[in-house]
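Values in this document were obtained by computation on a predicted structure and should not be read as measured data.
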Amino acid sequence: MNPPGNRTPKPDWKGLSAQAGDVLGPEFWQDIASIIPLTGPRVDMYETPQELVVVAEVPGLSSPEQIKLSFRDQSLLMRGMLVRPYQVLDEQMRLSERYFGAFERVFRLPGNALTSQMRAQYHNGLLIIRIPLAPPDGEKVIPIQFT
């Protein structure tokens with residue numbers, strides 16, 4: 001078990017990607033992507049001491065009706081539709097890494113997320129969601145009553 005405040009180390013995916021590419025060849029990740037395609041926009045999520053930030057690639061949106069954000073059970077839900085801006089048949093595609101179609105992504109939020117103060121902005125194909133975090137409470141002493 002990790003001491004309080006420590007997080008489990010994250011796998012080095014970039015290193016793994018480079019090693020797999022070296023061993024299995026430069027087309028390895030393209031082949032994997034065709035077998036297990038991404039089913040929604042690519043997302044980065046990072047945390048600062050003040051906020052949690054979610055950045056989603058959602059290119060080509062022209063109105064707020066194309067994407068919906070909601071909150072339920074300590075989770076952020078992102079739903080929408082990514083439309084392919086060019087008309088081609090699937091058999092014409094020589095390489096297909098981008099995702100198009102309906103999607104739903106769910107992100108579990110930390111308990112200290114101030115969800116009532118969430119805000120989102122769409123600019124240059126990126127949806128940026130900022131969720132303020134409550135400051136840490138610190139340790140609280142609980143009095144014990146002896147009878």
Side-chain angles (χ1 to χ4, degrees), residues 1-24 26-86 90 93 95-147:
M1 189 155 116
N2 290 334
N6 287 355
R7 294 183 180 197
T8 304
K10 294 189 176 164
D12 177 15
W13 292 115
K14 289 182 182 178
L16 176 63
S17 173
Q19 289 175 359
D22 290 345
V23 173
L24 301 170
E27 287 83 27
F28 172 74
W29 292 114
Q30 291 177 7
D31 293 341
I32 289 295
S34 67
I35 297 169
I36 308 170
L38 185 65
T39 58
R42 296 174 188 226
V43 174
D44 286 338
M45 185 183 310
Y46 63 91
E47 186 175 319
T48 70
Q50 296 81 26
E51 66 182 354
L52 180 70
V53 180
V54 180
V55 181
E57 289 182 352
V58 282
L61 300 183
S62 57
S63 74
E65 290 78 35
Q66 293 174 295
I67 192 160
K68 179 183 178 188
L69 294 175
S70 58
F71 174 76
R72 181 179 63 219
D73 299 329
Q74 206 59 32
S75 294
L76 174 66
L77 286 77
M78 179 187 310
R79 295 183 189 106
M81 173 71 78
L82 294 176
V83 180
R84 185 182 289 166
Y86 38 88
D90 286 342
M93 297 295 291
L95 176 63
S96 180
E97 295 179 345
R98 299 179 65 202
Y99 177 80
F100 296 103
F103 67 87
E104 180 175 315
R105 300 285 310 265
V106 179
F107 307 98
R108 186 85 176 137
L109 300 179
N112 63 337
L114 300 173
T115 56
S116 62
Q117 298 176 28
M118 280 192 254
R119 60 193 189 283
Q121 178 183 11
Y122 181 76
H123 182 70
N124 286 341
L126 295 177
L127 177 65
I128 302 170
I129 306 158
R130 296 184 178 280
I131 307 161
L133 299 174
D137 289 340
E139 185 176 336
K140 293 182 180 178
V141 176
I142 302 168
I144 302 171
Q145 182 180 25
F146 280 79
T147 57

For the residue pair [X] and [Y], establish whether any side-chain heavy-atom pair is separated by less than 4.5 Å.
| X | Y | answer |
| --- | --- | --- |
| Leu61 | Leu127 | no |
| Leu109 | Phe71 | yes |
| Leu76 | Met118 | yes |
| Phe107 | Ile129 | no |

**Message:** Counting neighbours of CZ on Phe146 that are heavy atoms of other residues, nucleotides or ligands and sit closer than 6.0 Å, is the number greater than 12?
**Reply:**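 No, because the 6.0 Å sphere around CZ of Phe146 holds 12 heavy atoms or fewer from other groups.
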
Closest heavy-atom pair and its distance - [X], [Y]:
| X | Y | result |
| --- | --- | --- |
| Met81 | Gly101 | SD-C, 3.3 Å |
| Gly111 | Gln74 | CA-NE2, 3.8 Å |
| Tyr46 | Arg130 | OH-NH1, 4.4 Å |
| Pro85 | Phe100 | CD-CE2, 3.8 Å |
| Pro110 | Leu52 | CD-CD2, 3.7 Å |
| Ile67 | Phe103 | CD1-CZ, 4.1 Å |

**Item:** Steps toward side-chain contact (heavy atoms from CB on, under 4.5 Å) verdict (Glu57, Leu126)
**Value:** CA-CA 5 Å; Glu57 289 182 352; Leu126 295 177; 4.0 Å; yes

**Request:** Report the residues that fulfil side-chain contact (heavy atoms from CB on, under 4.5 Å) with Arg79, sequence neighbours left out, ordered by chain and then residue number.
**Result:**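 If we apply the side-chain contact (heavy atoms from CB on, under 4.5 Å) test to Arg79, skipping adjacent residues, the hits are Lys68, Ser70, Arg72, Leu77, Glu104.
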
**Item:** Spacing of CZ belonging to Arg105 relative to CG belonging to Leu69, to within rounding of 0.5 Å
**Value:**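 So the CZ of Arg105 and the CG of Leu69 are separated by 12.5 Å.
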
**Request:** Give the C-alpha distance, both sets of side-chain angles, the deciding distance and a yes or no for side-chain contact (heavy atoms from CB on, under 4.5 Å) between Glu51 and Gln117.
**Result:** CA-CA 11 Å; Glu51 66 182 354; Gln117 298 176 28; over 6 Å; no

**Message:** Between Tyr99 (side chain only) and Leu82 (backbone N and O only), is there a donor and an acceptor less than 3.5 Å apart?
**Reply:**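 Judged by distance alone, no pair lies under 3.5 Å.
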
